[in-house]
Enquirer: 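There's a structure below that I have some questions on.
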Amino acid sequence: MIPLIEGLRFLVEVVAILGLFSVSVIQISWLEKFLFFLLTVLLILFWARYMAPKSPHAFKRWHRLVAEITIFILVSGSFWYLYGLQMGVLYFALSFGSLVLLYYFQLE
């Protein structure tokens with residue numbers, strides 16, 4: 001069960017990055033493309049510094065949970081804006097499902 005949960009979590013993270021980087025090929029304004037590209041880069045840098053398990057600055061316990069919830073809501077909203085309500089809700093469900101399983105089985 002644990003490899004399945006970790007695999008789902010990895011999938012959620014990869015889909016977030018690829019989904020936000022894909023703004024370069026969809027039909028939106030150049031300003032929107034720039035802003036979503038900037039958001040993606042900032043999320044990657046934030047995740048690498050504060051969320052990576054081996055980072056010396058990694059958040060612990062409730063700080064990490066708040067950061068994860070905030071990031072997943074931000075990405076879900078971005079997907080809703082970029083790809084429609086169904087994609088936003090699907091990403092929201094997958095990300096929060098993986099988060100609940102991760103904390104339920106204490107794999108954080």
Enquirer: What is the distance from atom CG of L20 to atom CG of L42, rounded to the nearest 0.5 Å?
Expert: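 Atom-to-atom, L20:CG and L42:CG are 11.5 Å apart.
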
Enquirer: Can a donor-acceptor pair be found, under 3.5 Å and without considering hydrogens, that links the side chain of S55 to the backbone of A52?
Expert: no

Enquirer: Return all side-chain donor-acceptor pairs below 3.5 angstrom for residues 8-15, not counting sequence neighbours, or 'none' if the list is empty.
Expert:
{"unit_1": "R9", "atom_1": "NE", "unit_2": "E13", "atom_2": "OE2", "d": "3.0"}
{"unit_1": "R9", "atom_1": "NH2", "unit_2": "E68", "atom_2": "OE2", "d": "2.5"}

Enquirer: As an exercise, state the distance from CD of Q106 to CG of L101, rounded to the nearest 0.5 Å.
Expert: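 Reported value, rounded in 0.5 Å steps: 13.0 Å.
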
Enquirer: Same cluster for Y103 and L94 if Ile/Leu/Val/Met/Phe/Trp/Tyr side chains link at under 4.5 Å?
Expert: yes

Enquirer: Is there a path of hydrophobic side-chain contacts, each under 4.5 Å between heavy atoms of I/L/V/M/F/W/Y residues, joining I73 to L43?
Expert: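 Same cluster: L43 reaches I73 through Ile, Leu, Val, Met, Phe, Trp or Tyr contacts under 4.5 Å.
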
Enquirer: CG of L82 to OG of S22: how many Å apart, nearest 0.5 Å?
Expert: 7.0 Å

Enquirer: I want to check something: taking the side chain as every heavy atom from C-beta on, are M1 and I5 in contact at a cut-off of under 4.5 Å?
Expert: yes

Enquirer: Quick check: do M87 and F92 have side-chain heavy atoms less than 4.5 Å from each other?
Expert: no

Enquirer: Quick one: are F96 and I69 in side-chain contact, heavy atoms under 4.5 Å?
Expert: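 Answer yes - side chains close enough.
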
Enquirer: For E6, check side chain to side chain donor-acceptor pair (under 3.5 Å) against everything at least two apart and list the hits.
Expert: none

Enquirer: Y50 vs H57 aromatic rings, parallel, tilted or perpendicular, using cut-offs 30° and 60°?
Expert: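 Rings of Y50 and H57: perpendicular, over 60°.
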
Enquirer: Could you walk me through whether F59 and V66 satisfy the side-chain contact (heavy atoms from CB on, under 4.5 Å) test, starting with their C-alpha distance in whole Å, then the side-chain angles of each, then the deciding distance to 0.1 Å, before giving a yes or no?
Expert: CA-CA 10 Å; F59 287 156; V66 168; over 6 Å; no

Enquirer: For the hydrophobic clusters of this structure (ILVMFWY residues joined by side-chain heavy atoms under 4.5 Å, transitively), does one cluster hold both V75 and V41?
Expert: no

Enquirer: Show the nearest heavy-atom pair for residues P53 and A58, with the distance to one decimal.
Expert: O-CB, 4.4 Å

Enquirer: Write out all pairs satisfying ring pair (Phe, Tyr, Trp, His ring centres under 6.0 Å) with one or both partners inside residues 65-88, taking only residues at least two apart or from two chains.
Expert: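 Residue pairs passing ring pair (Phe, Tyr, Trp, His ring centres under 6.0 Å), neighbours aside: F36-Y81, F79-Y83, F79-Y91.
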
Enquirer: Check step by step if side-chain contact (heavy atoms from CB on, under 4.5 Å) holds for R61 and L65.
Expert: CA-CA 6 Å; R61 305 200 183 252; L65 179 62; over 6 Å; no

Enquirer: Measuring from atom CD1 of I44 to atom CH2 of W47, what distance do you get when rounded to the nearest 0.5 angstrom?
Expert: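 If I round to the nearest 0.5 Å, the distance is 11.5 Å.
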
Enquirer: If hydrophobic clusters are built by linking Ile, Leu, Val, Met, Phe, Trp and Tyr wherever their side-chain heavy atoms come under 4.5 Å apart, do F37 and L45 end up in the same one?
Expert: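 Hydrophobic grouping puts F37 with L45.
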
